[in-house]
Asker: 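Dumping the structure here so I can ask a few things about it.
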Amino acid sequence: MSSTVITKQILDAFSNHVRIAMHVASETLSSLARTSIGVEKTSSEIYPLHKFHALLQDPEAVYTSVIMGIDNGEKGVVAVSILEKDAVRFAQSLVSQIKDASSQDVEALGVSALEDAANILVGSFFAEISRLSGTSFVHTSPVTVTDMIHASLDEPVFDFAGHSPDALVLKTEIALNPLDVHAHIITVLEEGAAKTLLSSLAV
Amino acid sequence: MIIQTVNTGEVRVGSAGVVFDARGVGSCVVVCLYDKKKRQGGMAHVMLPDSSYDTQERGRESVDSSGLRIIRDASSAISFLVEELGRLGSPVRRLEAQIAGGAEMFRVWRARAPEERMGVRNTAAVRNALTSYNIPILSEEVGGRVGRSVRFSLDDGIIQVSSRKKSTM
């Protein structure tokens, strides 16, 4: 990793590909939610693993995070994190067509709908990244947790300290309209996968 | 009162008038050591169970750009706290410990057996390191599937653990 200098050019290139991926995802999400969902903005930042805490403005803020391994967790992890109150609103919009669901059902269906939405976002994201880098990025089934965001993410993130000395943490923020839902996509890539990706962006 | 944040992998020592603050602790374990007589102590925000698990090529310890010491594993962090507090006049026989964290936030993560989970391993490593110094654990709130924040006052050695649903200790 140290041989790859992360320049503004690389970050801009990465953000551009994220933007393309998110527009593809928004079309699929619109179909799922039966309403037009657009991506208002995307921005990306890169942090070294030991500065993971710096990307979380408020480590105690309660988020619903849908977390997936990348290639069974060997290459990395990815989390889609949405503020709890926004996640509830987003889930309600996704399941609103189910009129006779009890509140408990809505909760269960809501988690399922959020996981579906996260699958769509992450699937589009990695399809674009795979196309760009020529390396396959396949994600595993999602797990979902609602708690303080730092607490939710520290195990998946720090797991990498054991087998990837210089894992990269990528943070992408997207805003979904008209729902006004902001989501963070936090991707941790092990050294080899990150090198491949950054090298392709540096060209 | 001075509030000092202790982020993941960080270790701090201080005396009365200081409150250490570790926020959003999941599988990590926060270790608080206190010497009642001198009213001084330290906090370690332990990220990894042992140094062999840590593949950082730069070694077990490093210092960040602000001069803050980064020690990521349980044994190294507790050894540092004991040595540093000893240097400040608190022998190990007077130190008492309180610990919090070591949660398992997910029912399923990477299909690991419970004893292989990071939170469980971090907690066991902290207990072993404290036992090796004969430091008693006065109170603990560990495990479960809940994130925690920990505040440790060096005025009186009291720690407050808060979570999304409750406040304890």
Side-chain angles (χ1 to χ4, degrees), chain A residues 1-2 47-77 79 81 84 111 115 140-167 169 188 190-191, chain B residues 5-10 21-30 45-59 62 64-65 68 70-73 100-112 116-122 144-150 162-165:
Chain A
M1 197 88 63
S2 54
Y47 297 79
L49 187 64
H50 69 283
K51 290 287 185 188
F52 161 67
H53 58 83
L55 69 84
L56 306 171
Q57 290 174 341
D58 179 2
E60 290 178 313
V62 177
Y63 278 71
T64 296
S65 297
V66 182
I67 301 177
M68 292 162 253
I70 302 170
D71 290 0
N72 287 320
E74 297 306 313
K75 284 185 182 173
V77 291
S81 297
E84 184 184 27
V111 169
E115 291 181 347
T140 62
S141 301
V143 293
T144 302
V145 63
T146 298
D147 209 307
M148 299 180 204
I149 186 166
H150 192 287
S152 298
L153 298 185
D154 69 1
E155 180 175 0
V157 170
F158 297 132
D159 224 5
F160 275 82
H163 56 90
S164 186
D166 268 325
V169 183
V188 184
E190 61 85 27
E191 190 175 11
Chain B
T5 301
V6 182
N7 289 312
T8 311
E10 293 179 355
D21 187 21
R23 300 164 68 201
V25 180
S27 63
C28 297
V29 175
V30 169
H45 190 152
V46 173
M47 167 181 163
L48 296 171
D50 56 66
S51 57
S52 65
Y53 197 83
D54 190 347
T55 58
Q56 283 278 10
E57 289 171 1
R58 58 179 171 267
S62 60
D64 75 2
S65 55
L68 187 67
I70 309 294
I71 307 176
R72 311 197 314 172
D73 71 279
E104 298 172 66
M105 302 300 292
F106 309 97
R107 285 181 200 284
V108 179
W109 178 247
R110 297 184 65 152
R112 284 185 166 152
E116 294 174 347
R117 301 288 295 272
M118 189 72 88
V120 173
R121 293 185 62 196
N122 278 337
R145 263 195 289 272
V146 63
R148 301 171 170 95
S149 288
V150 184
S162 58
S163 65
R164 194 176 157 221
K165 291 172 185 162

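Quick caveat: nothing in here was measured; it's all calculated off a predicted structure. Sequence lines set the chain letters: A, B, ... in the order given, protein chains first and strands last, and positions in each chain run from 1.
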Asker: At a 4.5 Å cut-off on heavy atoms, which part of A:T146 comes close to chain B: side chain, backbone, both, or neither?
Answerer: both
Asker: B:M105 versus A:L153: any side-chain heavy-atom pair under 4.5 Å?
Answerer: no
Asker: Would you call B:R164 and A:E60 a salt bridge, using N to O less than 4.0 angstrom?
Answerer: no
Asker: Step by step, would you call B:M118 with A:D154 a side chain to side chain contact (heavy atoms under 4.5 Å, CB included)?
Answerer: CA-CA 10 Å; B:M118 189 72 88; A:D154 69 1; over 6 Å; no
Asker: Closest approach of A:S152 and B:F106, non-hydrogen atoms and distance?
Answerer: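 What the structure gives for the nearest pair is O-CZ, 3.2 Å.
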Asker: Heavy atoms only: give me the nearest A:A151-B:G147 pair and the separation to one decimal.
Answerer: CB-CA, 3.4 Å
Asker: With a 4.0 Å cut-off on N to O distance, would you call B:R145 and A:D147 a salt bridge?
Answerer: no
Asker: Rounded to the nearest 0.5 Å, how far does NE2 of A:H150 lie from OG of B:S149?
Answerer: 10.0 Å
